[in-house]
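What follows is a set of notes on a single structure, which appears directly below.
Predicted model, so just to flag it, every value in this text is computed and none were measured. Convention: sequence-line order gives letters A, B, ...; per-chain numbering from 1.
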There are 2 protein chains.
Amino acid sequence: MNTLAEENYLKAIYHLSLSDANVSTNQIAAALNTKAASVTDMLKKLADKELINYEKYQGVTLTAAGEKIALQIIRKHRLWEYFLVEKLNFKWDEVHEMAEEMEHISSVELIDRLDKFMDYPKHDPHGDPIPDRDGNFKKHELKPIASLAVNEGGIISGVRDHSATFLQYLEKQQLTIGKKITVTEIIDYDHSMILQVEQTTIHISREVAKNLLVAI
Amino acid sequence: MNTLAEENYLKAIYHLSLSDANVSTNQIAAALNTKAASVTDMLKKLADKELINYEKYQGVTLTAAGEKIALQIIRKHRLWEYFLVEKLNFKWDEVHEMAEEMEHISSVELIDRLDKFMDYPKHDPHGDPIPDRDGNFKKHELKPIASLAVNEGGIISGVRDHSATFLQYLEKQQLTIGKKITVTEIIDYDHSMILQVEQTTIHISREVAKNLLVAI
DNA sequence: ATTTATTTTTAGACAAGTCTAAAAATTTTA
DNA sequence: TAAAATTTTTAGACTTGTCTAAAAATAAAT
């Protein structure tokens, strides 16, 4: 089995790979709040285990084996988040830290039974897709509200920023997963947007619009 | 906070304290499957943190602070075991290893909500009492079936041996928590016992009788 | 196309937790 | 109660994962 640190590296590399095919040492250091030297040490270990493809100074990619492990950890993280929100009534901005611990519980049988217990949810409380036991999931085609034009709209289905402060802001504005929104106006000056959400009108900054995702 | 190793030591010392007031280095080493030298090292650390009372060669006891931590870990272990059996349908002989990992999830809020979710169970699947959030529980007065005389009986309410093989044996014989038993005969030769359990008669060895507990 | 800046790696060190081997303390036995 | 056996502790070493400081490689800029 892999250590906790190894699992966290694989997960970080997976997430970073979504934006950049080749992930750099510094990116990983920033993501894991550690130093580049420590990252280099760990990359050697992961390469020895053939979980990543690594050549000095060239950054890394996950091997098939590494990606499989990363997806299993992400599956566990998201299923536990769903559990915490749907069964234990935590709010969506409270569950990340707990799930960071719970994702390292090793039993596969446990997570499969948890999945069944909750009736095989497809998305976590933030709208992120939950991989099935084989690591498969269909990555939903979401776009930031910032990319919409006036009179376009969609269903709020995910966030780009998972920070508690952003989630709390969305909660307060009732901009939660599943709500239907339409862009009614875009302010030239600062690219802020005015949305129609059910009966109410909400004004959001470009910053928010870039981090809130809708399905068309 | 405490490391995983520290938590495991405190828990082991707590359990060993139930039989012997002063717990020896070797007892701890045996319980944790480690070496006496390693135990000595850890005892120094725990003593520095004032979680145990330790004097060289004299064995250890938990301080109030140490016992509080031990009871919190035991609370978590038993609540997760209950969850695994009652919600995820694991069998009582399958849950120990998983709970050993889950008991180290740190959030207190999480465990309190889990407790509420399951409607505040009083005992885990093996009959062991679950401490409340303040560490309080009433230790049930159980006695081994081996201590009963002919025509005495009681309700099966706990086990002394928690091994999977013993639990599987009990399951197969239908000697499970809650069953009412009566001793109908004790064999002089080997002290084995014949029990009446509902409609059936079961013959158990003295070994089994010593490890199966009843409430009178 | 060199110099400058940035990124990455190497080298050496440290803390936590473990080990083996040997010394010290305690307990048992004769 | 002195020798033998057992238990516990000390001493020194190893592994994992981390760090800082400095060297090497790569990228950017004049």
Between CG of B:Leu32 and P of C:dG17 the distance, given in whole Å, is 13 Å
- [ ] Could you please spell out the steps behind the side-chain contact (heavy atoms from CB on, under 4.5 Å) verdict for B:Leu142 and B:Val214?
- [x] CA-CA 5 Å; B:Leu142 301 186; B:Val214 291; over 6 Å; no
Under 4.0 angstrom between B:Lys35 side-chain N/O and C:dT18 OP1 or OP2 = no
Smallest heavy-atom separation, A:Pro121 atom then A:Asp115 atom, equals CD-OD1, 3.5 Å
Original post:
Phosphate oxygens OP1/OP2 of D:dC19: is one of them under 4.0 Å from a side-chain N or O of A:Thr34?
Top reply: yes
Task: Heavy-atom neighbours of A:Glu207 CD exceed 12 at 6.0 Å - done: no
Taken in chain and number order and not counting sequence neighbours, the residues that satisfy side chain to side chain contact (heavy atoms under 4.5 Å, CB included) with B:Asp20 are B:Gln27
Sorted by chain and residue number, the side chain to side chain contact (heavy atoms under 4.5 Å, CB included) partners of A:Glu100 (sequence neighbours excluded) come out as A:Lys11, A:His77, A:His96, A:Glu103
- Task: Inspect the surroundings of CG in B:Asp188 and state if more than 12 heavy atoms from other residues, nucleotides or ligands are less than 6.0 Å away.
- Result: no
Reading nucleotides 1-16 of chain D from 5' to 3' and marking B where a protein heavy atom lies under 4.0 Å of the base, S where only the sugar-phosphate is that close, and - otherwise, the string is ------SBBB-----S
Separation of D:dT26 atom C1' from A:Asn22 atom CG, nearest Å, is 15 Å
